[in-house]
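See structure below.
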Amino acid sequence: MAQPFGSLLALLLISYLTATMATAAYNVVDFGAKSDGRTDAAKAFLAAWAAACGSNQPATIIVPSGGFLVSQALFSGPCNNTGMRMFIKGTLMAPAGYSDSTQWITIKYVEGLSLYGGTLDGRGQAFWACKNSRRSCPYGATSLTIGQSKNLLLSGIKLVNSELFHMSIFASSGITLQGATITAPGDSPNTDGIHIQMSSFVTITGSTMRTGDDCISMGPGSTDVWIENIKCGPGHGISIGSLGGAAQEAGVQNITVRSVEFTGTQNGLRIKTWARPSNGFVKGVTFEDAVMKNVQNPIVVDQNYCPGIVNCPSRSSGIKISQVKFNDVQGTSATQVAVKLDCSPSNPCTGIELQDIKLTYQKERSLSYCKNAKGTASGVMIPSSCL
């Protein structure tokens with residue numbers, strides 16, 4: 001029988017005592033951190049990091065229970081070892097209010113770090129209020145940024161109430177995220193769960209995301225991404241895009257999204273591109289084993305994205321979409337049109353496969369809309385006017 005994740009984390013926290021017999025261990029409290037939620041612990045965290053990163057043997061950083069105020073922290077490498085571990089039992093808290101910073105906690109140029117547990121509270125409420133009031137506001141901060149790093153494991157982390165994206169993975173490879181919980185109100189603006197860009201071999205499994213924007217979004221240069229066993233909602237679903245914002249743009253390929261459940265989301269499985277020239281592409285994508293529960297747009301390919309009809313001179317996307325499979329997608333749609341394939345007139349979608357799509361609207365068969373899409377359909381319970 002599988003053990004609850006909390007039990008597994010407890011075992012990991014206990015096991016570090018044995019493991020650290022052969023490694024160096026650094027507790028942030030020993031470097032001056034106070035768990036009172038008021039005293040800035042950033043310097044203490046960075047001092048512990050510097051000691052662990054500078055160690056010639058695998059090192060462990062320990063963050064005990066309690067609330068730690070961290071103004072901002074950049075955990076930077078390269079380090080002298082690739083066996084670093086960080087065990088977090090407490091909560092890292094961003095300052096109240098907001099600042100001009102665009103990043104709160106950043107991991108950069110790091111290889112071989114494993115991070116277990118912990119909560120990162122972005123305390124984004126004041127920033128959301130500013131944005132909702134339509135005042136002049138800063139850009140907003142991403143709670144956790146992973147940049148130019150490789151072979152990282154994040155297990156059991158909790159991210160709550162980020163000002164902007166909860167996590168961003170950029171220019172990195174070999175990033176594994178498992179057992180994550182990401183939470184923000186459904187009306188919090190632009191609070192994506194995880195955004196991936198210019199990164200490869202990213203794996204996200206066994207996680208729950210409830211946000212005000214995409215649960216997971218994949219931007220240009222996302223390749224070899226595996227997403228499995230995800231619960232999403234509220235939020236905007238799992239998206240590839242927006243793509244085509246630049247004329248020269250890296251492609252997206254080898255993406256697998258499987259065993260996902262969407263509840264009350266704006267979208268389910270989506271590909272979105274700007275309606276303007278670009279040399280980008282989307283190729284080799286599999287969406288399968290998805291359950292929709294009252295989702296507004298369960299399956300969407302939208303190549304006509306152009307807010308306000310601005311900066312889209314040709315009104316046609318240059319992004320080439322091919323070899324995209326939707327397999328075993330079931331459940332309920334909140335709108336009558338459950339499948340929308342609205343592809344580019346100048347670059348029609350090719351190799352689209354719809355298999356075993358069983359989506360209903362108000363207990364009746366739902367509809368589909370298809371334009372400039374070529375491919376095949378089988379075992380589909382919705383009327384299909386194309387493919």
**Asked** What residues form a salt bridge (charged side-chain N to carboxylate O under 4.0 Å, His left out) with E228, not counting sequence neighbours?
**Response** R258

**Item:** Residues which pass side-chain hydrogen bond (donor to acceptor under 3.5 Å, both in side chains) with D40, listed by chain and number, not counting sequence neighbours
**Value:** S71

**Complete:** The reported gap from OG1 in T208 to NZ in K231 (rounded to nearest 0.5 angstrom) is 6.0 Å

**Message:** Just so I know, are the side chains of L113 and F75 near enough to count as touching, which here means a heavy-atom distance under 4.5 Å?
**Reply:** no

**Request:** For the residue pair C232 and T211, establish whether any side-chain heavy-atom pair is separated by less than 4.5 Å.
**Result:** no

**Prompt:** So which of Q248, E249, K320 actually passes side chain to side chain donor-acceptor pair (under 3.5 Å) with N279?
**Reply:** Q248

**Message:** Taking side-chain contact (heavy atoms from CB on, under 4.5 Å) as the definition, give me every residue that meets it alongside D328, ordered by chain and number, with sequence neighbours left out.
**Reply:** D289, Q330

**Request:** Grab the two heavy atoms, one from E353 and one from Q355, that are nearest each other, plus how far apart they are.
**Result:** OE1-NE2, 3.1 Å

**Asked** Which heavy atom in S149 sits nearest to a heavy atom in I107, and how many Å separate them?
**Response** OG-O, 3.7 Å

**Request:** If the plane angle is over 60° it's perpendicular, under 30° parallel, otherwise tilted; pick one for F127 and Y98.
**Result:** perpendicular

**Request:** Rounded to the nearest 0.5 Å, what's the gap from CZ on F170 to CD on Q197? Could you check?
**Result:** 6.0 Å

**Message:** I need the I321 CD1 to F281 CZ distance, nearest 0.5 Å.
**Reply:** 12.0 Å

**Request:** Go through the structure and list residues passing side-chain contact (heavy atoms from CB on, under 4.5 Å) with T176, not counting sequence neighbours.
**Result:** L153, Q178, T203

**Request:** Sequence neighbours left out, what passes ring-ring contact (aromatic ring centres under 6.0 Å, His included) with Y26? Give chain and number order.
**Result:** none

**Request:** Determine which pairs satisfy ring-ring contact (aromatic ring centres under 6.0 Å, His included) with at least one residue from residues 333-365, sequence neighbours left out, and list them in order.
**Result:** none

**Prompt:** Atom CG of L269 and atom OG of S239: how far apart are they, to the nearest 0.5 Å?
**Reply:** 9.0 Å

**Request:** Can you label the angle between the Y116 ring and the F87 ring as parallel, tilted or perpendicular, going by 30° and 60°?
**Result:** parallel

**Request:** Name all residues meeting the salt bridge (charged side-chain N to carboxylate O under 4.0 Å, His left out) criterion together with D214; count only those two or more places apart in sequence or in a different chain, and write none if there are none.
**Result:** R270

**Prompt:** Partners of T39 by side-chain hydrogen bond (donor to acceptor under 3.5 Å, both in side chains), sequence neighbours excluded?
**Reply:** D36

**Asked** With a 4.5 Å limit on heavy-atom distance, are the side chains of L154 and M167 in contact?
**Response** yes

**Request:** List the steps and the verdict of side-chain contact (heavy atoms from CB on, under 4.5 Å) for W49 and M84.
**Result:** CA-CA 10 Å; W49 174 266; M84 291 178 58; 3.3 Å; yes

**Request:** For residues V301 and C343, report the shortest heavy-atom separation together with the two atoms involved.
**Result:** CG1-SG, 4.0 Å

**Request:** Could I get the full list of side-chain contact (heavy atoms from CB on, under 4.5 Å) partners for N151, not counting sequence neighbours?
**Result:** E111

**Request:** Supply the atom-to-atom distance M198 CE to S222 OG, rounded to the nearest 0.5 angstrom.
**Result:** 8.5 Å

**Message:** Applying side-chain contact (heavy atoms from CB on, under 4.5 Å), can you list everything that pairs with S317, at least two apart in sequence or on another chain?
**Reply:** T273, Q303, I319, S344

**Residues forming a side-chain hydrogen bond (donor to acceptor under 3.5 Å, both in side chains) with D224, sequence neighbours excluded** = N254

**Request:** Could you tell me which residues satisfy side-chain hydrogen bond (donor to acceptor under 3.5 Å, both in side chains) with N304, sequence neighbours excluded, listed by chain and number?
**Result:** D342

**Message:** For F287 and F326, take the angle between the two ring planes, folded into 0 to 90°, and tell me which bin it lands in: parallel under 30, tilted 30 to 60, perpendicular over 60.
**Reply:** parallel

**Request:** Apply side-chain hydrogen bond (donor to acceptor under 3.5 Å, both in side chains) to the pair N267 and K272, showing each step before the final yes or no.
**Result:** CA-CA 11 Å; N267 306 290; K272 182 173 71 171; over 6 Å; no

